[in-house]
Structures are given as structure tokens and as C-alpha cells.
Amino acid sequence: MRNPEEIIFEINNISELKEYKLNHKIELANRHSFNKHLRLCKPIHKRLFFKGASQKDWKSWLNEGTEYYLLFIDDKPVARCAIERYSDAAWEAADVKTALNYRNKGLSKEVVSFVTRKILEQGRTATCSTMPDNYAMLKVIESLGYKRKHDYD
């Protein structure tokens, strides 16, 4: 369920996606690599920090159609972005997170660009949302060519 304060952005076809050079290895996460990423990020939610995603949680996410992609530097999964399939027509680049020591290096933009391209290549509209005061994410979203969605159907 979305926070009603979030701003939703979208890209309808691949020609609208601004090119961004990928400089790092990005691959589909498995539960082990995702949990390694969580430890690097030190999430506020203590259960995830100490235990990671359980096998049950991971299977539930996969069954919902969620795919996590991780960006690696020196074999460390330092940034993530998920594909969440909200409908047959639109999939979201969601749950973007970069480990604290790796921020402000363009890694979120790189992984969101990668995931957005995957969504668009499947013939879906790519969406991405964030809170109005998340200036770093707003910059990423707009720099890739996402436009604010005005129709909230």
C-alpha cells in the first residue's frame, strides 16, 4: 500500500529513458546476497538487520513477482532496486537503497536505470515513487527521464 504523500513518476516507453552508462556488475539477487546487502545497509528494522530476510519472506516476495537487483563493488552488494509488479501494465522500480559508505557516487541512479530498462523491455510502463522531501531520489528519478504522473487511477 502506497503512502498517499508519495509522488509517482513514470516512463511509458524505452525511448524516454535517458541513457546512463553502467559501470558496475548488477545481477538478480538471491536471499544470501540480499541479506549480505542488508547487513551493509544496517537497516533500522532490527529483525532484518540481525536475521536478514527469512526463507519464508523471500519466497513470499518471489511469489508476488518481486525481483531484487543488486549492484556490486569489489564483490560487495552495495546498492539495490526491486521490480514490483503492481499491475499487468505497470511495474515499479522500488525499494532503492545504497549502503551509507557508498552514497553520492551515482550508484542508485545506475541500479534504477538498469531496473527501469528491464521493465520497459518487457513492454510495461515503468513507475517510481518517492516522498516529496527525498531530494536525492527525486534527482535520480528525474535525471533518468521519469515524468510526474498526474493521473492517479
Side-chain angles (χ1 to χ4, degrees), residues 1-30 33-45 48-49 53 57-58 61-62 64-153:
M1 180 161 212
R2 279 194 202 280
N3 182 325
E5 295 177 26
E6 283 182 318
I7 303 171
I8 302 170
F9 296 82
E10 67 182 8
I11 295 179
N12 293 303
N13 65 62
I14 205 155
S15 67
E16 297 170 6
L17 177 63
K18 293 183 181 169
E19 289 296 320
Y20 188 74
K21 185 178 181 202
L22 302 181
N23 297 308
H24 299 92
K25 178 175 78 171
I26 299 174
E27 58 186 45
L28 184 63
N30 59 42
S33 60
F34 181 79
N35 285 338
K36 188 174 179 181
H37 170 73
L38 286 177
R39 287 189 294 279
L40 284 171
C41 288
K42 297 180 176 71
I44 295 170
H45 191 283
L48 283 177
F49 176 65
D57 289 339
W58 189 254
W61 299 339
L62 293 177
E64 292 168 358
T66 300
E67 295 177 4
Y68 273 97
Y69 288 87
L70 296 170
L71 180 147
F72 290 81
I73 295 178
D74 299 327
D75 294 322
K76 292 179 186 174
V78 300
R80 76 174 182 249
C81 183
I83 294 176
E84 293 183 356
R85 290 165 171 82
Y86 285 114
S87 73
D88 289 339
W91 294 353
E92 180 138 344
D95 196 15
V96 179
K97 183 77 171 176
T98 300
L100 185 61
N101 294 338
Y102 294 88
R103 291 185 184 163
N104 301 313
K105 299 177 188 315
L107 303 179
S108 289
K109 183 175 180 179
E110 191 171 340
V111 73
V112 172
S113 175
F114 178 89
V115 164
T116 301
R117 180 168 294 285
K118 288 193 95 41
I119 293 168
L120 294 169
E121 286 172 347
Q122 295 301 311
R124 304 307 195 276
T125 293
T127 64
C128 196
S129 62
T130 194
M131 298 299 288
D133 61 350
N134 187 343
Y135 302 112
M137 193 61 199
L138 287 168
K139 185 176 176 184
V140 166
I141 291 168
E142 292 171 350
S143 71
L144 291 172
Y146 279 87
K147 302 293 183 213
R148 187 172 180 157
K149 184 177 178 187
H150 296 286
D151 176 18
Y152 293 94
D153 48 10

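Residue numbers run from 1 in the order of the sequence given.
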So, for Tyr20 and Leu144, which heavy atoms are closest and what is the spacing to 0.1 Å? CB-CD2, 4.2 Å
A quick test of your reading: do over 12 heavy atoms of other residues, nucleotides or ligands sit less than 6.0 Å from CG of Asp133? yes
Taking Glu110 first and then Lys105, would you say they form a salt bridge - that is, a charged N and a carboxylate O separated by under 4.0 Å? no
For the side chain of Arg124 and the backbone of Gln122, is there at least one donor-acceptor N/O pair under 3.5 Å apart? yes
Under 30°, 30 to 60°, or over 60°: which ring-plane class applies to Tyr68 and Phe34, parallel, tilted or perpendicular? tilted
Testing Val115, Ile14, Thr125 for side chain to side chain contact (heavy atoms under 4.5 Å, CB included) with Leu120, which one passes? Ile14
In short, Pro77 meets Leu70 closest at the heavy-atom pair CB-CD1, 3.8 Å
Could you go through Lys139 and Tyr135, starting from their C-alpha distance and side-chain angles, then the distance that decides it, and tell me whether this counts as side-chain contact (heavy atoms from CB on, under 4.5 Å)? CA-CA 6 Å; Lys139 185 176 176 184; Tyr135 302 112; over 6 Å; no
Donor-acceptor pair, distance only, cut-off 3.5 Å: does the side chain of His24 make one with the backbone of Phe72? no
Using a 4.5 Å cut-off on heavy atoms from C-beta on, say whether the side chain of Val96 contacts that of Arg80. no
Could you measure the distance from the SG atom of Cys128 to the CD atom of Glu6? Nearest 0.5 Å is fine. 9.5 Å
For the atom pair CG (Asn13) and CD (Glu121), what is the distance rounded to the nearest 0.5 Å? 12.5 Å
Backbone of Gly65 reached by a side-chain donor or acceptor of Arg85 within 3.5 Å: yes
Main-chain N/O of Lys76 paired with Asp74 side-chain donor or acceptor, under 3.5 Å: no
Rounded to the nearest 0.5 Å, how far does CG of Leu22 lie from OG of Ser113? 5.5 Å
Where is the tightest heavy-atom contact between Phe9 and Ile141, given as atom of each residue plus distance? CG-CG2, 3.4 Å
Taking atom CD of Glu27 and atom OH of Tyr69, what is their separation to the nearest 0.5 Å? 10.5 Å
Scan Asp95, Ile26, Leu71, Val112 and name whichever one has a side chain to side chain contact (heavy atoms under 4.5 Å, CB included) with Cys81. Val112
Rounding to 0.5 Å, atoms OG1 (Thr116) and CD1 (Ile83) come to a distance of 8.5 Å
Between the side chains of Thr127 and Glu92, does any donor sit under 3.5 Å from an acceptor? yes
Quick check: closest heavy atoms across Asp75 and Lys36, and the distance to 0.1 Å? O-NZ, 3.6 Å
Could you please spell out the steps behind the salt bridge (charged side-chain N to carboxylate O under 4.0 Å, His left out) verdict for Lys109 and Glu142? CA-CA 10 Å; Lys109 183 175 180 179; Glu142 292 171 350; over 6 Å; no
Quick check: closest heavy atoms across Ala126 and Tyr146, and the distance to 0.1 Å? O-CE2, 3.5 Å
Quick one: are Ile7 and Arg148 in side-chain contact, heavy atoms under 4.5 Å? yes
Measure the spacing between NE2 of His37 and NZ of Lys97 and express it to the nearest 0.5 Å. 7.5 Å
Is the number of heavy atoms from other residues, nucleotides or ligands within 6.0 Å of CD (Glu5) greater than 12? no
Around atom CG of Asp88, are there more than 12 heavy atoms from other residues, nucleotides or ligands closer than 6.0 Å? no
Within the side chain of Arg103, is there an N or O that forms a donor-acceptor pair under 3.5 Å with the backbone of Thr98? yes
If you compare all heavy atoms of Leu107 against all heavy atoms of Tyr102, which two are closest, and at what distance to 0.1 Å? CD1-O, 3.4 Å
Side-chain (Thr66) to main-chain (Leu62) donor-acceptor, under 3.5 angstrom: no
